[in-house]
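See below for the structure under consideration.
The structure displayed is predicted, hence computed values, not measured ones. Chain letters run A, B, ... following the sequence lines, proteins first, then strands; residues in each count from 1.
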Amino acid sequence: MSIQISFPDGAVRQYEAGVSGFEVAKSISEGLARHVLAARVNGEVWDLSRPIPSDATIQFLKWEDSDGKSTFWHSSAHLMAEAVEALFPGVKFWVGPPVERGFYYDMDLGDRKISEEDLVALEKKMKELAAAKSEFIRKVISKSEAVEYFSAKGDEYKLDLLQGLTDGEITFYTQGNFTDLCRGPHIPNTGLIKAIKLTGIAGAYWKGDEKNKMLTRVYGVTFPSQKELDEYLAMLEEAKKRDHRKLGKELGIFTFDDDVGPGLPLWMPNGAIVIEELEKLAKETEEDAGYKRVVTPHIAKESMYITSGHLPYYQDSMYPPMELEGVKYYLRAMNCPHHHKIFDAEQRSYKDLPLRLAEYGTCYRYEQSGELFGLMRVRCLHMNDAHIYCTREQFADEFRAVNDMYLKYFGIFGIDKYVMRLSLHDPAKLGQKYINEPELWIETEAMVRQVLIESNIPFIEVADEGAFYGPKIDVQIWSAIGREFTLATNQVDFAQGRRFNLSYTTAGNETDVPLIIHRAPLGTHERFIGFLLEHYAGKFPLWLNPRQVKVLPISDKFADYAKSVASQLKKAGIRAEVDDRNEKIGKKIREAELQRASYMAVVGEKEMEQGQVALRRQGKGDLGSMTVEAVIAKLKNEISSRRDDE
RNA sequence: GCCGUUGUAGCUCAGUGGUAGAGCACUUCCUUGGUAAGGAAGAGGUCGUGAGUUCAAUUCUCAUCAACGGCUCCA
């Protein structure tokens, strides 16, 4: 019997029923057959060896396809497991999936420890096994047989996995001496894996739950050629160069000190400049958007956090209370309750709404020691916070305006690699992780979703990521080394208004509770500046750059002129410094470039005579000579527009 | 908090069971030089902290603190 196979370009070809993807690939070209890793058959990724029983659509997956890579790395995880089993007999396996950049396998090594040296031995073994070009063989197996196999092996993890599977849908994959319970698919054989690097050993809780046993996780990455591995390793080196922890030190932005404490950054003068510029931007923007600024204390009595309901959800990540005269005070981990108290301090009418209270609020969170990460995860943070109190009718417009503010900011900073995430509750955790108001959750989630759809903002929805008091939109970004963080957040709160007994008088002379929006478009100074350091690779745009102009005299003869240039620039509100060290101009330029000064103003005899400077742009080179007035006009324009000249 | 790794000068890093070295930075001197490193000399460290083993510990062992790679968690 013959079947019809259609290809992505619309072509249709006839084959015998039961033809394999590999045979189809070979019928097209030998080259394709050599490189193809898997096939998407009727939309599902299949092994190339799997027979195609009836008419189907097919698309060949190669290394360039993300599904091709995943398959390649998943097979690499099996290859690693085979090597582990060869070197550590008796090991028990949990799961070994592909990830963003490579793969891992979780395993229980019993009492044995695995070290960096073992990784070298494992890599060697993997290379040996890869060279054997073992085929990955798929076998459908009954549940009872599968249970029998892993019972005999004593692998309770695989048995646990089997419990959740349906008889008839269970498959085993075997390559060489290694057999694994696996849904597949896999690449044709291990010989395609040419370059192997095991990248790390880590502990990982079984099933991701910290109450469970910790398994050993080995990470690795593989490639179809050594060249690609080398490129990947070079790329990692590049990423490290833009790590905000490295740049922050090099540029004098922030530091940590053991005596101050972990996670408590000290902002150095250059960091303080960036902070002040960001606050200036936020204050201007919020002023335009009708926000009012407030200032509130960093501590509050326990009673307030009992009222707010934060204590049961948050206590673990708050610094322990200080007790004075029988009263407990907490360092605040969030600003909202303080702002609610300001709302509540005066009688409110519907005419006062929406009321938007803004503050760059300082908060303290006792994050677990292992969670700290440079500026991205700290224990003292300054939040670009504001709370908007509004009626239900005003909610959509207010929420939309907040989103527009996000987009405006992202435009200014050129932030385009992010994902908007609509973070929802999990009905199973109502009353524990989330306020137990099922209807309100559903209603407000729909409101937020609607705003996003109407604003044409692409977003993804994720369950079990909401705040305890309502759904939120998080802006997700990635650090230089690939870690994911929430940069900014826009949250709905239908719970705290009631808990604080907040109210306003409606037009109908009745009392109602306002809805609250919590928003932090610039997140916290800590995370935002950490992000910006990496985003700009240290090259801040002029308006944000602590080093706007470095005036560089050719020799000491021009030092006085250089100082007068700098003071003119400073008078015009431009940050300028003179490098009057006894060094050659080449060296001064090199160092100013490395410090990412936006501009360098070189002054020598010619410039001094004509009241000019030779202007040089960081990363671009000499722009030619111009008068000091012209430089001031140009730079002031760039600064006030917050946009660098191209 | 958990698993693993690391901790030597301001920074980046060598090194050793017999109380330490390089490059850059710093100080001084020479040089006054036109768009990414001019030359010389000098100063600087109780080798993260505490205990143990040893005739002797920066080096070996243990504990502790911190950082890093993950897990969990999160702005």
Roughly, in whole Å, what's the span from [atom1] in [X] to [atom2] in [N]?
{"X": "A:Asp464", "N": "B:rC73", "atom1": "CG", "atom2": "P", "answer": "9 Å"}
{"X": "A:Ile201", "N": "B:rC3", "atom1": "CD1", "atom2": "P", "answer": "14 Å"}
{"X": "A:Glu593", "N": "B:rU35", "atom1": "CD", "atom2": "C1'", "answer": "9 Å"}
{"X": "A:Asp259", "N": "B:rA67", "atom1": "CG", "atom2": "P", "answer": "13 Å"}
{"X": "A:Trp206", "N": "B:rC2", "atom1": "CH2", "atom2": "C1'", "answer": "17 Å"}

Is [X] touching bases, backbone alone, or none of the nucleic acid, heavy atoms closer than 4.0 Å?
{"X": "A:Leu487", "answer": "sugar-phosphate"}
{"X": "A:Asp622", "answer": "base"}
{"X": "A:Gly200", "answer": "nothing"}
{"X": "A:Ile114", "answer": "nothing"}
{"X": "A:Glu583", "answer": "base"}
{"X": "A:Gly208", "answer": "sugar-phosphate"}
{"X": "A:Arg483", "answer": "sugar-phosphate"}
{"X": "A:Ala204", "answer": "sugar-phosphate"}
{"X": "A:Lys606", "answer": "base"}
{"X": "A:Lys472", "answer": "sugar-phosphate"}

Among the candidates B:rG34, B:rC74, B:rG33, find the nucleotide nearest to the side-chain atoms of A:Asp556.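 Of the candidates, B:rG33 comes closest.
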Counting side-chain heavy atoms from C-beta on, which of B:rG33, B:rA66, B:rA36 comes nearest to A:Pro262?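 Selected nucleotide (nearest to the side chain): B:rA66.
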Quick one: on RNA chain B, does A:Gln368 or A:Ile481 contact a more 5' nucleotide (nearest heavy atom)?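 Looking at the nearest nucleotide for each, A:Gln368 comes out on the 5' side.
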Could you say whether A:Ala488 or A:Arg590 is positioned toward the 5' end of RNA chain B, judged by the nucleotide with the nearest heavy atom to each?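 Mapping each residue to its closest nucleotide by heavy atoms, the 5'-most match is A:Arg590.
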Between A:Gln548 and A:Leu542, is there a donor-acceptor pair closer than 3.5 Å when you use the side chain of the first and the backbone of the second?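 Here the side-chain-to-backbone pair exists.
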Do side-chain atoms of A:Asn335 reach the backbone of A:Pro337 as a donor and acceptor pair under 3.5 angstrom?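 Not a single qualifying donor-acceptor pair exists.
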Watson-Crick or G-U counterpart of [N], or none if no pair lies under 3.5 Å:
{"N": "B:rA25", "answer": "none"}
{"N": "B:rC47", "answer": "none"}
{"N": "B:rA9", "answer": "none"}
{"N": "B:rG52", "answer": "B:rC60"}
{"N": "B:rA20", "answer": "none"}

Presence of donor-acceptor pair under 3.5 Å, side chain of A:Tyr219 and base of B:rG4: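 Side chain to base: no pair below 3.5 Å.
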Measure from the ring center of A:Trp441 to the ring center of A:Phe494 and say whether it is less than 6.0 Å.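 Yes: the rings meet the under 6.0 Å criterion.
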State which residue, out of A:Phe88, A:Tyr105, A:Tyr157, A:Trp206, fulfils the ring pair (Phe, Tyr, Trp, His ring centres under 6.0 Å) condition with A:Phe93.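 The residue from A:Phe88, A:Tyr105, A:Tyr157, A:Trp206 that satisfies ring pair (Phe, Tyr, Trp, His ring centres under 6.0 Å) with A:Phe93 turns out to be A:Tyr105.
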Salt bridge or not for A:Glu371 and A:Arg377, using N-O below 4.0 Å?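 Salt bridge between A:Glu371 and A:Arg377, a charged N being under 4.0 Å from a carboxylate O: yes.
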If only side-chain N and O atoms of A:Lys249 are considered, is one of them under 4.0 Å from the OP1 or OP2 phosphate oxygen of B:rG10?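 It does not, given that no N or O in the side chain of A:Lys249 lies less than 4.0 Å from OP1 or OP2 of B:rG10.
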N or O in side chain of A:Arg245 less than 4.0 angstrom from B:rG69 OP1/OP2: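 True: A:Arg245 side-chain N/O within range (under 4.0 Å) of B:rG69 OP1/OP2.
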